[in-house]
Structures are given as C-alpha cells and as structure tokens.
Amino acid sequence: MERFYFYKKSNDRSKQRKEGLVNFELQALYCEDAYYAQHRNTMKSFSVFDQIKMFCSTKDDTLYDFSVETGTDGCQGHSAKSVKELMDDRLKFNFNPISEKEYLKLRSLALRLLFKQLDRFTIPSDGNNEFFWQNNSFHNQWSFKLMHTNHLYNRRDYEDDFIRYLQERDLGLNDVDIPEYIRLYIFKPKRDGWFKSTAFSISSHHFEPSYQSCTEAVESLLLSNCKVSNILPHQYERLRNIAKYLMYEFSVYDIEIISGKQNHNVTVLF
C-alpha cells in the first residue's frame, strides 16, 4: 500500500532553536482503494497509522510535552478521496511531505528525546508531593494514567497585599502544579505479533493548568467513573518504569501489515 509522510515545523523554529527548544509534528498515512456506496465509485481511502507531537527543552528538565499514536487501528482516518486532496489539505495546515527515510530519522530523534527526558525527571524537593494512579486495564489492553501533584504555598511570590485581596474574595492562589502527567493506552498484540494501537502522552507542568487543590486537579484530569489510588513515591517510580518500558516496547514503527499489496476490498457506506 502507498504511504505518505508529513513533517510540520514550528513557526518560530529559529528563535526556539537558539533557546534550546525542539518543537515539531510528524504524521504518516497509508492509502487503500475503497468503494464509496454514496458515490458509487472506487476512490482512495487514507488512514493515519503513525503520528508524533513533541515539544521539549534541551536546557530545562521540566519543560516537555510528547504525544505518540501508532498502530493500524485506533488512529484516525482522513476525509481526502485522492492524493491531490490529501496533499492540498496537509499543506494548508503547514504539513510538508517528506521521504520515509527523513520521517524515520525525525521519528527516532523525537523518541530519543522522549526517553532522555523520562530519565532526567526528578521529583521536586520543595512543597508537598502527592502521586495518583488510575488503572483501567483489561485482559486485552493496558490503559492507565499516572499523575504527580506538587503543592507549594505562594509559589509565584505574590505580594501580601495581593494575597489578602484574593482571600477577601475567596479566590485561590492556584498553588498546585502538575510536575508530570502520563497517559497510556495500548491494545495488546495478538499471537501473530501485530499490535493494533498504541497511544501515550507525557507532559510537564508547563503544559498543564494550575489548581487550587489536589482534589480539583484529580477531578479535572482523571476519570470520574474509575477508581483513583493515592500511591507512595516508590510505587509511582515503579509504575513509571512500567510505563516507560511499555512506551519503548510499543513505539516501534511497524508497517508489516500495510507494506504488502492490498488483497482485500474496503467499502465505505456514506
């Protein structure tokens, strides 16, 4: 099957590079012939099978935001019905076509920076740290979230007059930050070795809002219909290592399923 690779660079790349910031997006799609019942015609059908969004600093260990989705199921499709439509749409959103070799080189860079950032993370020494885990895994999938909160009174060094002003109006200082937030969702591979879908993201407090309390943070970022466990630091580290292993194991670029010649028909009923 035909594959298409795209790269989106930051609009401020020159300025960010001077500041040690790396920021770009990658997207890969494959194409199949599909019969559209509505049009009564065979046209192209495009599906995203790999995409990465990344932002991190090579100078600041607390500044990072990574998102990875890969696999033949679970990722979104694209509405284009022809290669020209796909190219026009991607260019409109500043995605430039690149070769598979260039794509894999940039993908390798993004993942290398991701795991380097995971290794560099340290728990803040100031303030009160709490750790939360929410597990929604089943026999055929891993699905869990890890969240670390840090409460430090008046972390932004507000003047006393401004603090009294907030207290008089019953307004909080929003002193609870999220040093790290990990979300992971993986369909376990079948016996034949094909993995269906992998999606994970990890971000630092620069990319998450601040909250008035840990309770507010938990209610905002974790599911209300699934149990949330308050865990100890060593448990957080152990679960974090498990998440890191799963990210490494299932972030592989695997095109075995879509690399061969198409031997089936796809029918789109709209």
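The shown structure was predicted, so the numbers you read here are calculated from the model rather than taken from an experiment. Side-chain atoms are counted along with the backbone in the values below, which use heavy atoms only and exclude waters and symmetry mates.
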State plainly whether one hydrophobic cluster holds both Phe66 and Phe115, where clusters connect Ile, Leu, Val, Met, Phe, Trp and Tyr through side-chain heavy atoms under 4.5 angstrom apart.
yes

Rounded at 0.5 Å granularity, tell me how far CG in Asp175 sits from OH in Tyr153.
7.5 Å

So, do Glu237 and His234 sit near enough that their side-chain heavy atoms are less than 4.5 Å apart?
no

Show, in sequence, the C-alpha distance, side-chain angles and deciding distance for Tyr7 and Glu102, and conclude whether the side chain to side chain contact (heavy atoms under 4.5 Å, CB included) test is met.
CA-CA 9 Å; Tyr7 162 68; Glu102 291 172 318; over 6 Å; no

Under 30°, 30 to 60°, or over 60°: which ring-plane class applies to Phe162 and Tyr165, parallel, tilted or perpendicular?
parallel

Please examine the side chains of Glu180 and Tyr64, heavy atoms only from C-beta on, and report whether any two atoms are closer than 4.5 Å.
yes

Is the Phe131 ring parallel, tilted or perpendicular to the Tyr236 ring (thresholds 30°, 60°)?
tilted

Roughly how far, to the nearest 0.5 Å, is the OG atom of Ser203 from the CD1 atom of Ile178?
9.0 Å

Just by distance, do the side chain of Glu85 and the backbone of Ser82 share a donor-acceptor pair under 3.5 Å?
no

Looking only at non-hydrogen atoms, find the nearest pair between Arg120 and Lys59 and report the distance.
NH2-C, 4.4 Å

Whether Gln235 side chain and Leu232 backbone form a donor-acceptor pair below 3.5 Å:
yes

Of the non-hydrogen atoms in Phe24 and Ala110, which two are nearest, and what is the gap between them?
CZ-CB, 4.0 Å

Do you know which two heavy atoms are closest between Ser143 and Asn135, and how far apart they sit?
O-OD1, 3.4 Å

Hey, what's the ring geometry for Tyr5 with Tyr103, parallel, tilted or perpendicular (30° and 60° as the breaks)?
tilted

State, yes or no, whether a side-chain contact exists between Phe55 and Ser10 at a heavy-atom distance under 4.5 Å.
no

Gap between atom CG of Leu246 and atom CG of Leu184 - 0.5 Å precision:
5.5 Å

Test Asn136 against Tyr185 for side chain to side chain contact (heavy atoms under 4.5 Å, CB included), laying out the working first.
CA-CA 9 Å; Asn136 196 28; Tyr185 180 82; over 6 Å; no

Report yes if the side chains of Leu106 and Ile98 come closer than 4.5 Å at any heavy-atom pair, otherwise no.
yes

Which pair of heavy atoms, one from Ser220 and one from Tyr211, lies closest together, and at what distance?
OG-CE2, 3.5 Å

NZ/NE/NH1/NH2 to OD/OE distance under 4.0 Å, Lys92 and Asp88
no

Flag yes if Ile123 and Ile242 sit in one hydrophobic cluster, no otherwise; membership is Ile, Leu, Val, Met, Phe, Trp, Tyr, and two members link when side-chain heavy atoms are under 4.5 Å apart.
yes

Quick check: do Leu114 and Cys56 have side-chain heavy atoms less than 4.5 Å from each other?
no

Please check if the distance between the ring centroids of Tyr248 and Phe250 is under 6.0 Å.
no

Which pair of non-hydrogen atoms, one from Lys244 and one from Leu118, has the smallest distance, and what is that distance?
CG-CD1, 4.0 Å

For the backbone of Leu221 and the side chain of Tyr181, can you confirm whether one donor and one acceptor N or O come within less than 3.5 Å of each other?
yes

In Å, rounded to the nearest 0.5 Å, how long is the span from CE of Met247 to CZ of Arg240?
8.0 Å

Thr70 side chain to Thr198 main-chain N or O, any donor-acceptor pair under 3.5 Å?
no

Does Leu21 offer a backbone N or O that forms a donor-acceptor pair with the side chain of Ser57 under 3.5 Å?
no

Rounded to the nearest 0.5 Å, what separation is found between the CG atom of Asn23 and the CE atom of Met54?
7.5 Å

I'd like to know if Asp161 pairs up with Arg164 as an ion pair, taking the criterion as any Lys NZ or Arg NE/NH1/NH2 lying under 4.0 Å from an Asp or Glu carboxylate oxygen.
yes

How long is the straight-line distance from OG of Ser137 back to CH2 of Trp142, given to the nearest 0.5 Å?
8.5 Å

Determine whether the side chains of Ser213 and Glu216 contain a donor N or O and an acceptor N or O closer than 3.5 Å.
no

According to a hydrophobic-cluster definition based on side-chain heavy atoms being under 4.5 Å apart (Ile, Leu, Val, Met, Phe, Trp, Tyr only), do Leu152 and Met147 belong together?
no

Given the rule in the side chain to side chain contact (heavy atoms under 4.5 Å, CB included) test, do Leu111 and Val68 qualify, once you have shown the distances and angles that lead to the verdict?
CA-CA 9 Å; Leu111 292 176; Val68 177; 4.2 Å; yes

pair Ile231-Leu146: side-chain heavy atoms closer than 4.5 Å
yes

Just to verify, which of Asn129, Asn128, Asp126, Asp177 counts as forming a side-chain hydrogen bond (donor to acceptor under 3.5 Å, both in side chains) with Asn150?
Asn129

Count I, L, V, M, F, W, Y as connected when their side-chain heavy atoms are under 4.5 Å apart, and connections chain through other members. Are Leu109 and Ile202 then in the same cluster?
yes

Do any N or O atoms from the side chain of Ser67 and from the backbone of Ser201 form a donor-acceptor pair under 3.5 angstrom?
no

Evaluate the side chain to side chain contact (heavy atoms under 4.5 Å, CB included) criterion for residues Val48 and Glu69: first the C-alpha distance (whole Å), next the side-chain angles of each, then the deciding distance (0.1 Å), finally the verdict.
CA-CA 9 Å; Val48 178; Glu69 289 186 49; over 6 Å; no

Considering non-hydrogen atoms only, spot the tightest contact between Lys227 and Gln134 and give its length.
O-CG, 3.4 Å

Lys8, NZ atom: more than 12 neighbouring heavy atoms under 6.0 Å
yes

Heavy-atom side-chain contact between Thr122 and Asp61 under 4.5 Å:
no

